[in-house]
There are 2 protein chains.
Amino acid sequence: MSLLKFVAVSESSPSLQPIDVSLTPQERFEEYLQTRGLRQTSQRKTLVDQVFSHHDHFDADELIDRLPRRGDKNYVSSATVYRTLREFVDAGLLKSFQLEGRTVYEHDYGYPQHDHLYCTRCRKLFEFQSEALTKLRDEVGSEHGFRIAGHRMIIHGVCRECSKSRRKKRKQDLV
Amino acid sequence: MSLLKFVAVSESSPSLQPIDVSLTPQERFEEYLQTRGLRQTSQRKTLVDQVFSHHDHFDADELIDRLPRRGDKNYVSSATVYRTLREFVDAGLLKSFQLEGRTVYEHDYGYPQHDHLYCTRCRKLFEFQSEALTKLRDEVGSEHGFRIAGHRMIIHGVCRECSKSRRKKRKQDLV
DNA sequence: TTGTATGCAAATAATTTGCACCAAA
DNA sequence: TTTGGTGCAAATTATTTGCATACAA
């Protein structure tokens with residue numbers, strides 16, 4: 001079994017380096033299903049393929065928008081989308097978290113641990129890695145006698161691009 | 001105007017030290033209402049009093065449970081509870097964040113900036129302060145050209161108490 | 001065959017909103 | 001008086017669930 005790199009293509013800002021993994025997400029999910037006596041269905045295939053076709057953050061609604069419509073080939077009902085997203089999380093393929101009320105999903109399998117910067121203007125999520133943060137988290141945890149399972153850190157603010165366009169807009173407003 | 005300490009009583013674990021503030025939350029809210037031409041009503045009074053009667057984390061439902069029932073004196077409809085909680089956040093009295101789907105509120109006015117440890121077993125939130133975390137956040141932000149507005153960090157794990165009782169339970173299970 | 005998976009529609013759950021009536025200022 | 005506030009019930013939104021049917025193993 002060859003070690004292959006699962007390439008997560010990111011159309012927007014360059015994200016973090018993918019991790020070498022021995023299975024594609026598709027293969028990993030098949031493995032997950034088999035070990036639990038669950039079935040491989042066309043719907044699950046459609047969803048794995050769509051979700052791992054590119055690297056970004058999304059919610060259930062956005063995913064449904066990208067899938068074939070009712071009546072079209074490979075249509076998947078939204079009930080199944082919700083059910084399958086939960087399976088992806090259970091299988092360790094995806095992580096989910098809450099942001100402004102909505103449930104956001106992102107790749108976990110084949111992707112390094114990281115945290116987020118959230119631009120409240122354009123609502124984009126940016127990723128960053130910080131060993132210092134993890135270390136700090138571990139220290140805080142042991143100070144409080146916590147057995148740590150993980151953490152979630154989101155920095156809120158306005159991104160570089162939005163700061164620029166805001167400045168531009170202001171100048172224009174004066175004209 | 002005397003400088004007074006708004007004492008946030010915590011029944012459970014000792015929390016952080018309250019900050020000296022010149023107005024009580026009640027007074028602060030009155031000020032907020034007046035500067036916007038909004039009115040002081042019995043419902044708003046009931047809610048400020050209840051919310052700041054002790055220091056803890058709560059959601060809308062828990063707050064409603066602690067208030068008088070329909071038909072009783074000082075009853076407040078849940079629509080008004082939701083509307084007022086949003087005002088408290090706008091007024092800077094409360095902060096809110098999402099945790100496992102629910103919207104959690106906590107004191108902000110008269111209370112220092114802090115982050116949370118969340119025990120996934122007993123579902124309690126513990127608070128901690130870390131200057132290093134804020135510093136790290138600022139560094140990450142400026143590296144990415146972010147104008148930072150704030151952050152939210154939650155460490156997930158199992159607290160000391162729950163780790164103990166888990167051990168106990170296991171021993172008992174063997175009897 | 002046999003039990004899991006799916007689609008559909010109904011059920012939930014947490015909020016929000018429209019509107020007639022109430023009440024601060 | 002005048003305009004914002006409240007309660008109630010209906011509307012929303014996101015998600016889950018019951019159930020009859022379809023299909024993978």
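So that the names make sense, note that chain A is the first sequence line, chain B the second, and so on, each numbered from 1.
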Under 4.0 Å between a side-chain N or O of [X] and OP1 or OP2 of [N]?
| X | N | value |
| --- | --- | --- |
| A:Gln43 | C:dG7 | yes |
| B:Arg44 | D:dG5 | yes |
| B:Thr41 | D:dG4 | no |
| B:Thr103 | C:dA14 | no |
| B:Ser77 | D:dC8 | no |

Item to check | Any donor-acceptor N/O pair, A:Arg28 side chain to A:Ala91 backbone, under 3.5 Å | outcome: yes
Item to check | N/O donor-acceptor pair under 3.5 Å between A:Asp72 side chain and A:Tyr75 backbone | outcome: no
Go through [options] for me and flag the one nearest to the [X] side chain.
| X | options | result |
| --- | --- | --- |
| B:Ala60 | C:dA24, C:dG7, C:dT15 | C:dT15 |
| A:Tyr82 | C:dC8, D:dC8, D:dT15 | D:dT15 |
| A:Ala79 | D:dC8, D:dT17, D:dG5 | D:dT17 |
| A:Leu38 | C:dT17, C:dA5, C:dG7 | C:dA5 |
| A:Arg70 | C:dC8, C:dG7, C:dA5 | C:dC8 |
| A:Arg86 | D:dA9, C:dG7, D:dT17 | D:dT17 |

Checklist entry - Would you say the base of C:dG7 and the side-chain of A:Arg83 have a donor-acceptor pair closer than 3.5 Å? => result yes
Next on the checklist: Side chains of A:Glu100 and A:Tyr118 only: does a donor on one sit below 3.5 Å from an acceptor on the other?
Outcome noted: yes
Checklist entry - Is the shortest side-chain N to carboxylate O distance from A:Lys124 to A:Glu161 below 4.0 Å? => result no
